[in-house]
Each structure stands twice: as structure tokens, then as C-alpha cells.
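Within every chain, numbering begins at 1; the chains are lettered A, B, ... in the order of the sequence lines, protein sequences first and strands thereafter. Any value given below was found using the heavy atoms of this structure, including those in side chains, with hydrogens, waters and symmetry copies removed.
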2 protein chains.
Amino acid sequence: MLDKYFDVIVNVSLFYGIERTGIANMLNCLKPRVGIYKKGDYIVTSGQTYENVGVVLKGTATVSKESISGNRIVMTLLKERDIFGEIVAFSSMATWPATVQAQEACEILFLPRSKIVGDCDKMCSWHRIFIQNFLRVISERAIVLNKKVEYLTIKSIRGKICSFLLDHYNKSGSKEIELALNRNELADFLNVSRPSMSREMSKMKEEGVIDFHLSTFRIIDLQALKAMSEL
Amino acid sequence: MLDKYFDVIVNVSLFYGIERTGIANMLNCLKPRVGIYKKGDYIVTSGQTYENVGVVLKGTATVSKESISGNRIVMTLLKERDIFGEIVAFSSMATWPATVQAQEACEILFLPRSKIVGDCDKMCSWHRIFIQNFLRVISERAIVLNKKVEYLTIKSIRGKICSFLLDHYNKSGSKEIELALNRNELADFLNVSRPSMSREMSKMKEEGVIDFHLSTFRIIDLQALKAMSEL
DNA sequence: CCTATTCTGTATCTCCAGATACCGATTTTG
DNA sequence: CAAAATCGGTATCTGGAGATACAGAATAGG
């Protein structure tokens, strides 16, 4: 029944490192449900009883949260192979904290939370890997959030830019940085306004700390960059 | 050998819901190590190879991070029964991202990461609970971080205060709120300066939206509070 | 119970960053 | 290839929040 989705499922991070036959056995034991949605359909709604971890098999969906005053804010965009609800699964929350809605026609795999840790008696070897994967996915989500908190905590725009560039430098080891984000997205990520960010970047270029053209950045004065990274 | 710590261990969140005998068996299988530290000793240092999840059995310790420019910033204070390193355990990180140092004489339990998911063949029932606990602890850490990101993303001080109070209201259901934080801690948490926060709170009091005296707050105009919660 | 210390509210001054508008550069698309 | 749409840099103006200083309230400690 899940055969047609197999090529997608095999590449879902929760199943990394498990062979096709293992996954097949596992799905047998997890007894997942597949939901099919039309564009605009609600996949889960905020406040609804939480029961399953979701996996997008096909299509795209938005994760949104109703703010206190009533406006909906889109928080994430989900695409094929993305997971949602994985953090709620094992917390003590009983309901969905956000709404997931089909942005285009969607097919979703639901893995029952109760089955994941396994009442599968023999706790087969692939099940162990599955749980490790689960732990890894959640942990990495936490690490990303932690990093985000670090950026947001920096007060000045300059400090944010410097930290951002330094992190890239530390990861790649190269003073030449190619960003995947455009200015709007970067400004959004750092939680500042685009013109203010541009202004600050231009100043830094003038001062000879960095150079850039469109999405290509180059660190010129590494020392200065470090010194300014936490103003 | 671990007998003297048992009353502490029983109350560690990772072991919730497991009977004493279960915990004893489990510790047998996890083969943990206990480390004893004097005040000021380094328990783990940033960059060191990651191997164990830590549990504070006795004493207090600080978690600190070296910023890029070299100053150390204390991020958390650990006390008896607190866990550290639980998020790194299952990520793909190979080294400690922060330093943990004994603030007073400390005794620490180290649970080897490799044993946690269990090469314990029969995956005993308490082991399953242990892993569920682990998942819960990490998930809840992620949820807290997520909440923190929400607060930090709000631009205005007023918005932050409103959201903060509303969250408390939603949790307790009461318009009378007793805070555990003092002004400095609250300002720190919201990442604003204390005088600026006080100024804003006073304005809101004047406007008849809230009332407060020291750590006792009262919501007067709930509608107004909601309306302002995301300026 | 009185002193010392910490905590909280308030005023002033300065300035950083947001909002807005606009233009040129770049990319997309028909 | 031309027209349209998106994207990026810059200028101006303004407001909100930070820094600092200080005084009164609350709490702790002897």
C-alpha cells in the first residue's frame, strides 16, 4: 500500500541508515496512516489532540500559528520528506501547538506516537536505529533553535552580521562566503529591517572590514570582525 | 557504589517512572562513571570529545560559552538533579559546545551515550521508559527554546511584556500573576534593559492596562493587552 | 531595631534602527 | 530581446530604547 511512496520514505531523515526491507518491516509494525489533502485543506489544526508525527510524502504545506490577537503567522514551509510534530511527540503536550495546512495537494504519512518507542516486543535492530534517528532529529532541531537564540540575543545589527559571517567562516574555513539567502531572508533571519541591515553592511565595507557583491561576501579584516561580533 | 546517590538519582527526570530496582538494573547496564570535582575544576571543556550525558549528583556548576572574541559568558546554572549535554548526545556533534565548571564542590554522574539507546539485548521495559524520558527531556528543551525565540522576535518592549503576561494568564487562568523573577531577571529574559522595561510597565499602569506592585501583577484590560501583544 | 544592601521606579540625554520612498541593477518571462 | 517584476543600495526623518544617575522602597543582616 505504501509502495508508491517508498522512494520518498527511504530518504526521510527518520529512516536514514535502515535498509529497504527494514523500513518495510518497520512500517508494518508502526501501522501508519496516509492522509490525502487538497490545496487549502487543514492537515492538523492548532488545539487538536496530538496523536501522530507527520511526514510529507508529496506536496507542500505551511505550519502556522495563530497569534494571541488572531492573525495567522506562517512559521515554516514543509516540502517532500519534511517531518512535522516531532517535537510534540514526546513532550507532555497533548494538543497541536500549530496548524498545518496544505499549500498544494498533499499526501501525508502519520506515524502514531504510541508505536514509535515500541511495544514491538523484540525491539528489532532497525527499531533501535529508528529511535536514534528520532533523537538526532529532535536534538538537531534544538541546536538550531539554540543558535537562533544566540543571534537574536545580540543587540546591534553590526554584531549580528559579524557573528553570522564568523559562523560561516568557522564552518567553511574560507573567508569567501556564498550565501544561500537573499537580503530579505537574511534580514528576516536576523530579525532586523532590510534597509538598516544594508546600511550597516555598507558601512562595514567602507571601513574595510568586509567586502561583498550580491550574495558573495569576503572577510577582509578578521580581527576587526571578531572584535565587533558582540557589540 | 552508587548507593549513596540513590535518593538523588531517583528524582532525576531521566528516571521518572522507573522503580528503584529498575533503576538499579539500569545503572548496572549503563555502567556510569562518577566524577568528583573541587570548586573551580573543569568538568568538561568546550571542544573536548563528547562521550557522556552528565547528571549533577551534588553541588552546583556553571555552563559557559567562550564568545568569538574570547569572553566567557555564563549560560546556565546547574544544580542537583540537573542534566547537561543531553542535546549533544544524539546530534552529530562530536565535541562539547560549551564548558561546564564546578561552582562549588561537585559530584557528577556520566552516562555513556553509546549505552543509552541500548546494546542491552533484551531492551528491558524500564529501558524503554528511560528512552521515552530522554525524548521528553530533549523535546521540552526544544519547546522552551522555541518559546524563547518567540519572545525575542517581538520588537517592542511593550509587546514582549504583554506576551509574557498573557502566557502566564493562559497557563494559570488567573489575572493575578505572581512572578518568580525580579526585574533584572525579567529584563534579562526579555533581552531588554531594566529601566526601559520599568518605563514601559509604568506607562501601561498609567493607561490602566495592568497594575503591579513588586512581583505581583494584575491584568486589568485583557483586550488591550491582547491587542498590544505583538506591536 | 537600626544599618547596610539590594531592588525598583524615574528622569535625562543620546543614538541606533525602523519606516518609507526611490532609483538603479538584476533576473524573469513572455 | 524587451517589458515587468524582483532585488539591492541609499537618503531622510523619527521614535523607541539604551546608558547613566539617583532617590525611595524593600529586604537582609547584625
Side-chain angles (χ1 to χ4, degrees), chain A residues 71 73-74 77 151-165 168 176-218 220 224-225 227-231, chain B residues 71 73 77 151-165 176-218 220 224-225 227-231:
Chain A
N71 340 18
I73 301 166
V74 174
L77 206 66
Y151 283 126
L152 291 176
T153 303
I154 297 171
K155 292 279 175 65
S156 73
I157 292 187
R158 181 173 287 230
K160 292 183 189 209
I161 298 171
C162 292
S163 300
F164 184 79
L165 291 175
H168 273 260
E176 188 109 16
I177 296 163
E178 192 69 32
L179 289 188
L181 306 169
N182 67 23
R183 291 291 183 276
N184 253 316
E185 292 164 337
L186 181 54
D188 251 30
F189 177 73
L190 300 178
N191 199 35
V192 297
S193 81
R194 187 191 56 78
S196 298
M197 187 181 75
S198 270
R199 178 208 296 154
E200 203 61 36
M201 293 196 320
S202 295
K203 271 192 208 163
M204 290 169 65
K205 190 195 258 187
E206 256 178 47
E207 295 171 16
V209 182
I210 58 171
D211 192 19
F212 62 89
H213 178 69
L214 299 178
S215 51
T216 311
F217 288 73
R218 170 192 293 281
I220 296 178
L225 206 67
M228 298 185 306
S229 67
E230 53 194 75
L231 292 183
Chain B
N71 340 18
I73 301 165
L77 205 66
Y151 283 126
L152 291 176
T153 303
I154 298 172
K155 291 279 174 63
S156 72
I157 292 187
R158 181 172 288 231
K160 292 184 189 208
I161 297 171
C162 293
S163 301
F164 184 80
L165 291 176
E176 188 110 15
I177 296 163
E178 192 67 33
L179 289 189
L181 306 169
N182 66 24
R183 292 288 184 279
N184 252 315
E185 292 165 336
L186 180 56
D188 251 31
F189 177 73
L190 300 177
N191 200 34
V192 298
S193 81
R194 188 191 55 79
S196 299
M197 187 181 76
S198 270
R199 177 207 296 154
E200 203 61 38
M201 293 197 319
S202 296
K203 270 192 208 164
M204 291 169 65
K205 190 196 259 186
E206 255 178 48
E207 295 171 16
V209 182
I210 58 171
D211 192 18
F212 63 90
H213 178 70
L214 300 178
S215 51
T216 312
F217 289 73
R218 170 191 292 281
I220 296 178
L225 205 68
M228 299 185 306
S229 68
E230 54 196 73
L231 291 183

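Between the P atom of dT8(C) and the CE atom of Met201(B) lies a distance of 9 Å, rounded to the nearest Å. Rounded to whole angstrom, the span from the CG atom of Leu214(B) across to the P atom of dC7(C) amounts to 12 Å. Distance CZ (Arg183(A)) to P (dT10(D)): 11 Å, rounded to an integer number of Å. The separation between Leu181(A) atom CG and dG8(D) atom P is 10 Å, rounded to whole Å. Going from atom CG of Asn184(A) over to atom P of dT27(C) covers 16 Å, rounded to whole Å. Put simply, CG on Asn182(B) is 12 Å from P on dT27(D), counting in whole angstrom units. Here the P atom of nucleotide dC16(C) and the CD1 atom of Ile154(A) are 17 Å apart, to the nearest Å. Rounded to whole angstrom, the span from the CE atom of Met204(A) across to the C1' atom of dG8(D) amounts to 17 Å.
Distances shown here put a side-chain N or O of His213(B) below 4.0 Å from the OP1 or OP2 atom of dA26(D).
Remark: side-chain polar atoms of Asp211(B) are not paired, donor with acceptor, to backbone N or O of Arg218(B) under 3.5 angstrom. Formation of a donor-acceptor pair under 3.5 Å by the Ser163(B) side chain with backbone atoms of Ser229(B) is found in this model. A side-chain donor-acceptor contact under 3.5 Å links Arg183(B) to the backbone of Leu214(B). No donor-acceptor pair closer than 3.5 Å links the side chain of Glu200(B) to the backbone N or O of Met197(B).
Considering only heavy atoms from C-beta on, Ile210(A) comes within 4.5 Å of Leu165(A) through its side chain. Contact check for Phe217(B) versus Met201(B): side-chain heavy atoms found under the 4.5 Å cut-off.
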Protein-to-nucleotide contact annotation, 5' to 3' order, nucleotides 16-24 of chain D [B base; S sugar-phosphate only; - none; under 4.0 Å, heavy atom]: -BBBB----
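Residue contacts for Ser198(B): at a heavy-atom cut-off of 4.0 Å it reaches a base atom on one of the strands shown.
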